[in-house]
Amino acid sequence: MTLIDNKQIKDKVSSGGDIFRAGSLFLKTVFLLGLGMMIYSSLFAQNTPIPSFNVQVGQSTNPDQVASTLQIIVLLTVLTMAPAILIMTTCFTRIIIVLSFIRNALGTQQSPPNQVLLGFAMFLTFFIMAEPWTKVYDDALKPYFDKKITQDVAFDRATRPIKNWMVNFTREKDLALFLRIAKLKRPKNIKEVPIWVIIPAFIISELKTAFQMGFIIYIPFLIIDMVVASVLMSMGMMMLPPIMISLPFKIMLFVLVDGWYLITASLVESLT
């Protein structure tokens with residue numbers, strides 16, 4: 001018995017030594033690779049010129065140069081607001097709220113995760129907004145880049161398709177609210193309504209529509225929760241959370257009716 005124990009101990013010690021030697025060899029290899037990459041990068045940086053970008057504040061005698069600088073500053077400012085513009089002037093708001101309602105109704109906590117929902121909502125927004133964005137590019141951006149129209153004309157042409165698209169999903173009640181708040185006269189047609197009035201009216205209209213769709217989605221899952229809770233109460237199992245029993249049934253129901261297909265089809269059809 002002693003000989004066997006000693007032999008097992010020797011085997012363990014030898015295997016531990018092998019693991020230690022393998023680990024040290026691995027660390028040496030990683031260190032040499034890192035050192036080689038550092039040397040290579042330093043040599044590569046010395047032989048290859050790297051472009052630089054400098055911003056200077058000085059005097060200018062050319063008015064066009066000042067105007068170009070101001071345009072660049074305005075463009076950079078607009079780019080910082082690009083996420084807000086993408087969210088508030090497109091169908092992204094409705095889509096992401098409906099998807100959030102679905103996840104809450106299922107009770108799956110963080111499944112699908114936020115990154116998946118945001119990515120799906122973003123690409124679905126690109127799909128739905130392809131037609132008005134194509135008109136913006138053909139009518140405004142392309143002629144402006146070709147220097148065929150001025151910046152003011154390009155801005156007017158770019159906002160026109162977006163404005164017309166938003167008006168189709170804006171309630172008259174919401175639009176009248178912001179016209180009254182802005183103290184503007186009653187417009188003869190939609191062309192006379194400025195876009196800074198249409199955008200907030202469009203936002204609250206989208207919020208109302210999204211909550212209506214979310215309420216309808218919630219009803220069947222709420223019924224399942226109520227049935228499961230009633231069954232557990234009748235069986236005297238008061239300490240068992242109903243969500244543990246209802247969650248598999250809700251997921252099974254959502255999969256059997258092909259819920260993602262129905263939700264996507266409903267969203268796309270409501271926005272086209």
Side-chain angles (χ1 to χ4, degrees), residues 51-57 60 62-99 115-172 174-175 178-179 182 184 187-207 209-210 264 267-272:
S52 61
F53 178 77
N54 297 322
V55 178
Q56 298 179 356
V57 178
S60 177
N62 188 2
D64 294 336
Q65 186 177 1
V66 178
S68 300
T69 304
L70 293 176
Q71 290 177 0
I72 293 173
I73 295 174
V74 171
L75 179 60
L76 292 176
T77 305
V78 172
L79 288 177
T80 59
M81 299 175 62
I85 295 174
L86 174 64
I87 292 174
M88 295 300 148
T89 61
T90 62
C91 55
F92 183 86
T93 303
R94 181 188 301 190
I95 295 173
I96 193 62
I97 291 177
V98 171
L99 295 180
Q115 293 82 354
V116 174
L117 293 183
L118 289 172
F120 178 63
M122 183 179 65
F123 283 105
L124 198 59
T125 301
F126 292 160
F127 175 78
I128 295 172
M129 298 297 297
E131 184 177 355
W133 284 350
T134 302
K135 293 181 180 179
V136 170
Y137 177 78
D138 294 336
D139 298 340
L141 295 180
K142 192 174 184 300
Y144 177 70
F145 292 151
D146 295 338
K147 298 181 179 180
K148 295 181 180 180
I149 58 176
T150 61
Q151 186 176 4
D152 295 336
V153 176
F155 178 78
D156 181 67
R157 291 185 180 181
T159 56
R160 200 176 301 164
I162 303 299
K163 183 196 295 186
N164 294 334
W165 184 87
M166 288 191 295
V167 167
N168 294 330
F169 304 101
T170 304
R171 294 178 174 83
E172 295 183 1
D174 300 331
L175 188 59
F178 286 96
L179 285 173
L184 297 176
K188 297 180 181 179
N189 49 47
I190 199 62
K191 295 181 180 179
E192 297 181 359
V193 181
I195 192 170
W196 53 270
V197 174
I198 296 177
I199 291 177
F202 168 75
I203 292 171
I204 62 174
S205 296
E206 285 293 286
L207 289 174
T209 303
T264 304
L267 285 171
V268 174
E269 291 175 359
S270 67
L271 291 164
T272 54

E172 CD: over 12 foreign heavy atoms closer than 6.0 Å: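 No, not enclosed.
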Gap between atom [atom2] of [Y] and atom [atom1] of [X] - 0.5 Å precision:
{"X": "T170", "Y": "L175", "atom1": "OG1", "atom2": "CG", "answer": "7.0 Å"}
{"X": "L267", "Y": "I96", "atom1": "CG", "atom2": "CD1", "answer": "10.5 Å"}
{"X": "T90", "Y": "I162", "atom1": "OG1", "atom2": "CD1", "answer": "8.5 Å"}

What are the two closest heavy atoms between [X] and [Y], and how far apart are they?
{"X": "A158", "Y": "A140", "result": "N-CB, 3.6 Å"}
{"X": "L271", "Y": "W165", "result": "O-NE1, 4.0 Å"}
{"X": "R94", "Y": "S270", "result": "NH1-OG, 3.1 Å"}

Whether E206 side chain and F202 backbone form a donor-acceptor pair below 3.5 Å: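 Not confirmed, E206 side chain does not pair with F202 backbone.
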Mind checking what makes side chain to side chain donor-acceptor pair (under 3.5 Å) contact with [X], not counting sequence neighbours?
{"X": "T209", "value": "R171"}
{"X": "T93", "value": "none"}
{"X": "D139", "value": "none"}

Determine all donor-acceptor pairs shorter than 3.5 Å in which one atom belongs to a side chain in residues 119-134; sequence neighbours excluded.
{"from": "T125", "atom 1": "OG1", "to": "A121", "atom 2": "O", "distance (Å)": "2.6"}
{"from": "T134", "atom 1": "OG1", "to": "A130", "atom 2": "O", "distance (Å)": "2.5"}

Under the criterion side chain to side chain contact (heavy atoms under 4.5 Å, CB included), I'd like the reasoning laid out for L118 against F92: C-alpha separation, chi angles, the key distance, then a yes or no. CA-CA 9 Å; L118 289 172; F92 183 86; 3.9 Å; yes
Apply the test side chain to side chain contact (heavy atoms under 4.5 Å, CB included) to residues M166 and I195: give CA-CA distance (whole Å), side-chain angles for both, the deciding distance (0.1 Å), then the verdict. CA-CA 10 Å; M166 288 191 295; I195 192 170; 4.2 Å; yes
Using the test side chain to side chain contact (heavy atoms under 4.5 Å, CB included), find all partners of K148 that sit at least two apart in sequence or belong to another chain.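 Scan of K148 (side chain to side chain contact (heavy atoms under 4.5 Å, CB included), adjacent residues dropped) gives P143, D146.
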Please list, chain by chain and in numerical order, all residues satisfying side chain to side chain contact (heavy atoms under 4.5 Å, CB included) with V167, sequence neighbours excluded.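 For V167 the side chain to side chain contact (heavy atoms under 4.5 Å, CB included) partners, ignoring immediate neighbours, are K163, I190, I198.
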